Amino acid sequence: MYSQPYMDYNATTPCAKEVIDAMLPYFQEDFGNPSSSHHPYGWLAKSAVEDATHEIAGTLGISPNSLIYTSGSTESINMILKGVVRKFGAKGNHIITTRAEHKAVLDTCAFLEEEGFEVSYLGVDAKGLVDTHDLKEALRPDTLLVSIMYANNETGVVQPLEEIAELTHANGSLLFSDTTQALGKMALDPVLEQVDFACFSAHKVYGPKGIGLVYVKDNEEGVALPSFIQGGGQQKGQRGGTINTPLIVGMAKAIQLAQVDLETEQLRLETLRNRLEAELLAIERTISNSRTAQRLPNTAHISFPYVDGANLLTALGRQIAVSNGSACNSASVEPSHVLLAMGVERSLAYASLRMSLGRYTTDGDIEKAIEIIGSEVARQRERNILWERRR
Ligand code: PLP
């Protein structure tokens, strides 16, 4: 167990004890296959999955029929984007997304471009927001799908989904919003009303890794999206393969726990985040990359001019768990594509940190973070001749 403060909750979260307790019986005593319809082992597993599905649907205020289990948001995003073009391709071959999406969306769109689909990439402004006038201009009669995330995983910035949904639907197009980061951090009922598709991942909300959801608003018959995994006919044929009872039970518990005291937790996190941010922004010349827009309560994203980003991260890595962007992209030495899309200069984008707080973040963690980051930034700057010569 590491003792350094963990401030990378947007990358992943630890499994809550209640979640582990809820899952445990389904690994051993109640291990049956929900598709085994001839004995009680199967019946019990099936009913646990049904209960979990109803629990998730009830918590999110949606229909149980609108949910399809996957291995996580990356798979959900692939299923939605590829499924929509396969199923509804007759309307056209144009997709609209933004340059600030998670790589799971951007890489799937790049794949679809290779398959002959046309993708328009909207920019975002310095606040990280999509300009709805740009969307209006980009929409065409053959626009099949608009894919715009709700809350950004790096900056936490929240897009104006209501307006986006209005424009998209007025054009007769479908709307997918990547809601992975908003789950457990913001109320989602209004969003799920507005979009046609959304996705979730349990490991972002103190649930297990390897389980997620596709949300299809209009999935009453279970026919809204084609399956990419054939075999067995599970999940009404929408995704073949043995249903993972323990992980599904764990995800339901995690989602339910995340909704309990959501407002109190939002306030607590926002207070901690604002304190961290205020102290770091008090350091000379530092810049917030997200403070001017509506955003997640747990996320701060700050640039430190006159600091070498790679050196900063390496030095901090031994003392505190923060990141400079998306964990899913950490193999890359490129600066954050989200910051570049916001017009942040390359060298500054390198010298930026995302700090994402969570359920187990304490006042003590914030104090340590302020101290550790503050002294490391000062140390890096002392070595930089340009810092001395600044005006
Ligand atoms: N979308 C967003 C906004 C994310 O933050 C992530 C994970 O970082 C994903 C998609 C991918 O989720 P998963 O790890 O469940 O594949």
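Atoms within each ligand, like the ligands themselves, are counted from 1 in listed order. It should be emphasised that the depicted structure is a prediction, and the values quoted were computed from it without experimental measurement.
Among residue pairs with one or both ends in residues 257-274, those qualifying as side chain to side chain donor-acceptor pair (under 3.5 Å) are E265-R268; sequence neighbours excluded.
Ligand-side atoms of ligand 1 in range of T74: 11 (C), 12 (O), 13 (P), 16 (O), range being under 4.0 angstrom from any heavy atom. Heavy-atom proximity to G72, at under 4.0 Å, picks out these atoms of ligand 1: 15 (O). The contact set between ligand 1 and M149, taken as ligand atoms under 4.0 Å from a residue heavy atom, comprises 3 (C). Counting atoms of ligand 1 from 1 in the listed order, those under 4.0 Å from a heavy atom of I77 are 10 (C). Those atoms of ligand 1 that come under 4.0 Å of a heavy atom in H203, given as number and element, are 13 (P), 14 (O), 15 (O). Remark: ligand 1 atoms within the under-4.0 Å shell around heavy atoms of S201 are 13 (P), 15 (O).
A centroid separation of less than 6.0 Å is found between the aromatic rings of Y360 and Y206.
At a threshold of 4.5 Å between side-chain heavy atoms, the hydrophobic network of Ile, Leu, Val, Met, Phe, Trp and Tyr places F88 and I96 in two separate groups.
Side-chain atoms of N10 and K185 form a donor-acceptor pair, as typed in the model, at a separation below 3.5 Å. Looking at T180 and S73, their side chains do bring a donor and an acceptor atom within 3.5 Å of each other. No side-chain donor-acceptor contact under 3.5 Å links T299 and S356.
The shortest N or O to N or O distance between N10 and ligand 1 is not below 3.5 Å. Residue E75 places no N or O, backbone or side chain, under 3.5 Å from any N or O of ligand 1.
Of the candidates E154, K103, K209, K204, K204 brings a heavy atom nearest to atom 8 (O) of ligand 1.
For Y41, the side-chain contact (heavy atoms from CB on, under 4.5 Å) partners at least two apart in sequence or on another chain are F31, H39.
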